[in-house]
Undergrad: 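Below you will find the structure I want to go over with you.
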Amino acid sequence: MKRAHRLTAGLLTAGALALTGCAQSVDPIERLGRKAVRSVAPKVRDAGGQALAAHAPPAPRAAAYARWGLPAPLPAAPPPPARKPARPFVVDRVPTRDKVVFLTFDDGAERDPAFVRMVDELNLPISMFLTDSVASPGYDHFDRLRRAGGGLSTVQNHTVDHPYLPGLPYAGQRAQICGQQDRLEARFGARPRLFRPPYGAYNNQTLRAAGDCGARAVVLWGASMQINDLRYAHGDRLRPGEIVLAHFRGPGELKGATITEMTARMLRRIQEQGFAVARLEDYL
């Protein structure tokens, strides 16, 4: 495999993602890179997949949904599978029939305290793929997010400096991936199990380095969060097991909207299509 892999089926074309994904984003971290509720939870696990508790957090109060602009409670996600389904090392959609989707947030440039409150009050499970060079000044913020909402959210790996990995030799890719594994383990106490390559770009050396650094899956995406809507790689609606890409962005990149407002809109779209938000790590 001599050339870099990209997300398939038309996802993330050059003009399609001015405000979504790692491919063509106006996010400050993307520019930097080019330069270099569930309320049912039988077990809560930390970022390393270790069991933390044997009980579910309490269901959010009805008032919490109204406070964040949701007309009704989000559907409760079903219990996660007793046995995780077989899946490839590279995954852009979880193989499941459960009507669930998974929320993933990249980079770490924006740190909105209201977003912590939203995650906490809605018991919203999110997977945070952090880039050290941007997120590290705010690691305390992401630790609060990790602990919010019953501790359902996790911290995962998005490299040290957000480079285009296929442009680096194996040693350079390993340094970017393993280096962030080490930093996140030292800061949060658990070694990430999931890795997302910047821009969704990878080659054989990326996969080798990710595996050597301890990643159990390379996570891409099949839908992405826009300011007012969702964009889909396949069709015009969500599919069971869809992995949704979002970014930690602020009003400067969101035409005045906050990440909290944008997430509320995204949750309404998910709700309208009858999906629950589940914890990605329970399925991978």
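This is a predicted model, so every value here is computed, not measured.
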Undergrad: Hey, is the main chain of L168 close enough, under 3.5 Å, to the side chain of Q173 for a donor-acceptor pair?
TA: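 Yes; at least one donor-acceptor contact below 3.5 Å.
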Undergrad: Can a salt bridge be assigned to the pair D143 and R147 using a cut-off of 4.0 Å between side-chain N and carboxylate O?
TA: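 Looking at D143 and R147, the cut-off is met.
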Undergrad: Distance from E261 atom CD to M266 atom CE, nearest 0.5 Å?
TA: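 One gets 13.5 Å once the value is rounded to the nearest 0.5 Å.
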Undergrad: Roughly how far, to the nearest 0.5 Å, is the CD atom of E242 from the CG atom of D92?
TA: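 Reported value, rounded in 0.5 Å steps: 8.0 Å.
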Undergrad: With a 4.5 Å limit on heavy-atom distance, are the side chains of V94 and L284 in contact?
TA: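 V94 reaches L284 side chain to side chain.
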Undergrad: Between G149 and D120, which heavy-atom pair has the shortest distance, and what is it?
TA: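 Heavy-atom minimum between the residues: N-OD1, 2.8 Å.
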Undergrad: Closer than 3.5 angstrom, by distance alone: can the side chain of S153 be matched with the main-chain N or O of R146 as a donor-acceptor pair?
TA: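 Absent.
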Undergrad: Are the side chain of D161 and the backbone of P163 linked by a donor-acceptor contact shorter than 3.5 Å?
TA: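 Side chain of D161 to backbone of P163, a donor-acceptor pair under 3.5 Å: no, none is there.
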Undergrad: Can you give me the closest heavy-atom contact between Q271 and L74, atom names plus distance?
TA: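 For Q271 and L74, the tightest heavy-atom pair comes out as NE2-N, 3.7 Å.
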Undergrad: Exactly one of N203, T206, D212 should register a side chain to side chain donor-acceptor pair (under 3.5 Å) with Y170. Which one does?
TA: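 Only one of N203, T206, D212 forms a side chain to side chain donor-acceptor pair (under 3.5 Å) with Y170, namely D212.
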Undergrad: Please walk me through it: do I243 and V219 pass side-chain contact (heavy atoms from CB on, under 4.5 Å)?
TA: CA-CA 8 Å; I243 298 172; V219 179; 3.9 Å; yes
Undergrad: Please walk me through it: do Y283 and D98 pass side-chain contact (heavy atoms from CB on, under 4.5 Å)?
TA: CA-CA 11 Å; Y283 286 74; D98 291 345; 2.8 Å; yes
Undergrad: Cation-pi check for F129 against R196: NZ or CZ below 6.0 Å from the six-membered ring centre and within 45 degrees of the axis, yes or no?
TA: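 R196 over F129 ring: yes.
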Undergrad: From Y202 OH over to Y164 OH, what is the distance, rounded to the nearest 0.5 angstrom?
TA: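 If I round to the nearest 0.5 Å, the distance is 12.0 Å.
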Undergrad: Does the side chain of R265 come within less than 4.5 Å of I227's, by heavy atoms?
TA: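 Touching, per the 4.5 Å side-chain cut-off.
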Undergrad: When you measure from the side chain of T131 to the backbone N and O of S133, does any donor-acceptor pair fall under 3.5 Å?
TA: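 No.
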Undergrad: Can you confirm if the aromatic rings of F188 and F142 lie within a centre distance of less than 6.0 Å?
TA: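 Not under 6.0 Å, so no.
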Undergrad: Do you know which two heavy atoms are closest between P75 and A276, and how far apart they sit?
TA: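 P75 and A276 have their closest heavy atoms at O-CB, 3.4 Å.
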Undergrad: Are T96 and P81 close enough that some pair of their side-chain heavy atoms sits under 4.5 Å apart?
TA: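 No, side chains not in contact.
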Undergrad: Any idea which heavy atoms bring F115 and I259 closest together, and the distance?
TA: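 Closest heavy-atom pair between F115 and I259: CB-CG2, 4.2 Å.
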Undergrad: Excluding sequence neighbours, so at least two apart, what forms side-chain contact (heavy atoms from CB on, under 4.5 Å) with A215?
TA: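 A215 satisfies side-chain contact (heavy atoms from CB on, under 4.5 Å) with F195, A210 only.
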Undergrad: Spell out, as yes or no, whether a donor-acceptor pair under 3.5 Å connects the side chain of Q181 to the backbone of N157.
TA: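 Pair absent, no side-chain N/O of Q181 close to backbone of N157.
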Undergrad: As an exercise, state the distance from CZ of R249 to CZ of F105, rounded to the nearest 0.5 Å.
TA: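 Reported to 0.5 Å precision, the distance equals 11.5 Å.
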Undergrad: Can you confirm whether V90 sits close enough to L207 that some side-chain heavy atom of one is under 4.5 Å from a side-chain heavy atom of the other?
TA: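 The answer is yes; the side chains approach within 4.5 Å.
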Undergrad: With a 4.5 Å limit on heavy-atom distance, are the side chains of D282 and L280 in contact?
TA: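 Heavy-atom side-chain distance check fails, nothing below 4.5 Å.
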Undergrad: Inspect the contact between D229 and R269 and indicate whether a charged nitrogen and a carboxylate oxygen are less than 4.0 angstrom apart.
TA: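 Here R269 pairs with D229 in a salt bridge, since their nearest N and O are under 4.0 Å apart.
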Undergrad: Quick check on side chain to side chain contact (heavy atoms under 4.5 Å, CB included): which of P240, P78, P80 does V100 satisfy it with?
TA: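 With V100 as partner, side chain to side chain contact (heavy atoms under 4.5 Å, CB included) holds for just one option, P78.
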Undergrad: Does the side chain of M128 reach to within under 4.5 Å of the side chain of T154, using non-hydrogen atoms?
TA: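 Side chain of M128 against side chain of T154, heavy atoms only: no contact under 4.5 Å found.
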Undergrad: Is there a side-chain contact between V155 and Y139 in this structure, where contact means two heavy atoms from C-beta onward sitting under 4.5 Å apart?
TA: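 When only atoms from C-beta onward are counted, Y139 and V155 do not touch, as no gap falls below 4.5 Å.
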Undergrad: Salt bridge check: are R191 and D182 linked by an N-O gap of less than 4.0 Å?
TA: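 Between D182 and R191 there is a salt bridge, with a charged N closer than 4.0 Å to a carboxylate O.
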Undergrad: Same cluster or not: I177 versus V160, using hydrophobic residues (I, L, V, M, F, W, Y) connected whenever any side-chain heavy atoms lie under 4.5 Å apart?
TA: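 Different clusters.
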Undergrad: Does NZ or CZ of R111 lie under 6.0 Å from the centre of the six-membered ring of F248, at an angle within 45° of the ring axis?
TA: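 The answer is no; the distance or angle limit is not met.
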Undergrad: Looking only at atom types and distance, does a side-chain atom of K99 sit under 3.5 Å from a main-chain N or O of Q273, one as donor and one as acceptor?
TA: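 Yes: the side chain of K99 pairs with the backbone of Q273.
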Undergrad: What distance separates Q180 CD from T159 OG1, expressed to the nearest 0.5 Å?
TA: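 Rounded to the nearest 0.5 Å, the CD-OG1 separation comes to 7.0 Å.
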Undergrad: Could you give the distance from CG (L152) to OG (S127), rounded to the nearest 0.5 Å?
TA: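 Nearest 0.5 Å value for the CG-OG distance: 10.5 Å.
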Undergrad: Show the numbers, then the answer: is there a salt bridge (Lys or Arg N to Asp or Glu O under 4.0 Å) between R187 and D132?
TA: CA-CA 11 Å; R187 176 60 183 82; D132 186 75; over 6 Å; no
Undergrad: Ion pair present between E121 and R117, side-chain N to carboxylate O less than 4.0 angstrom?
TA: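 Here E121 pairs with R117 in a salt bridge, since their nearest N and O are under 4.0 Å apart.
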Undergrad: Before you tell me yes or no, could you show the steps for C213 and R174 under side-chain contact (heavy atoms from CB on, under 4.5 Å), namely the whole-Å CA-CA distance, both residues' side-chain angles and the distance that decides it to 0.1 Å?
TA: CA-CA 7 Å; C213 294; R174 182 184 173 103; 4.0 Å; yes
Undergrad: Side chains of L165 and Y199: does their closest heavy-atom pair fall under 4.5 Å?
TA: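 Contact flag for L165/Y199 side chains = no.
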Undergrad: Checking Q156 against E281 for the side-chain contact (heavy atoms from CB on, under 4.5 Å) test, could you report, in this order, the C-alpha distance in whole Å, the side-chain angles of both residues, the deciding distance, and whether it holds?
TA: CA-CA 10 Å; Q156 306 294 349; E281 290 74 7; 3.1 Å; yes
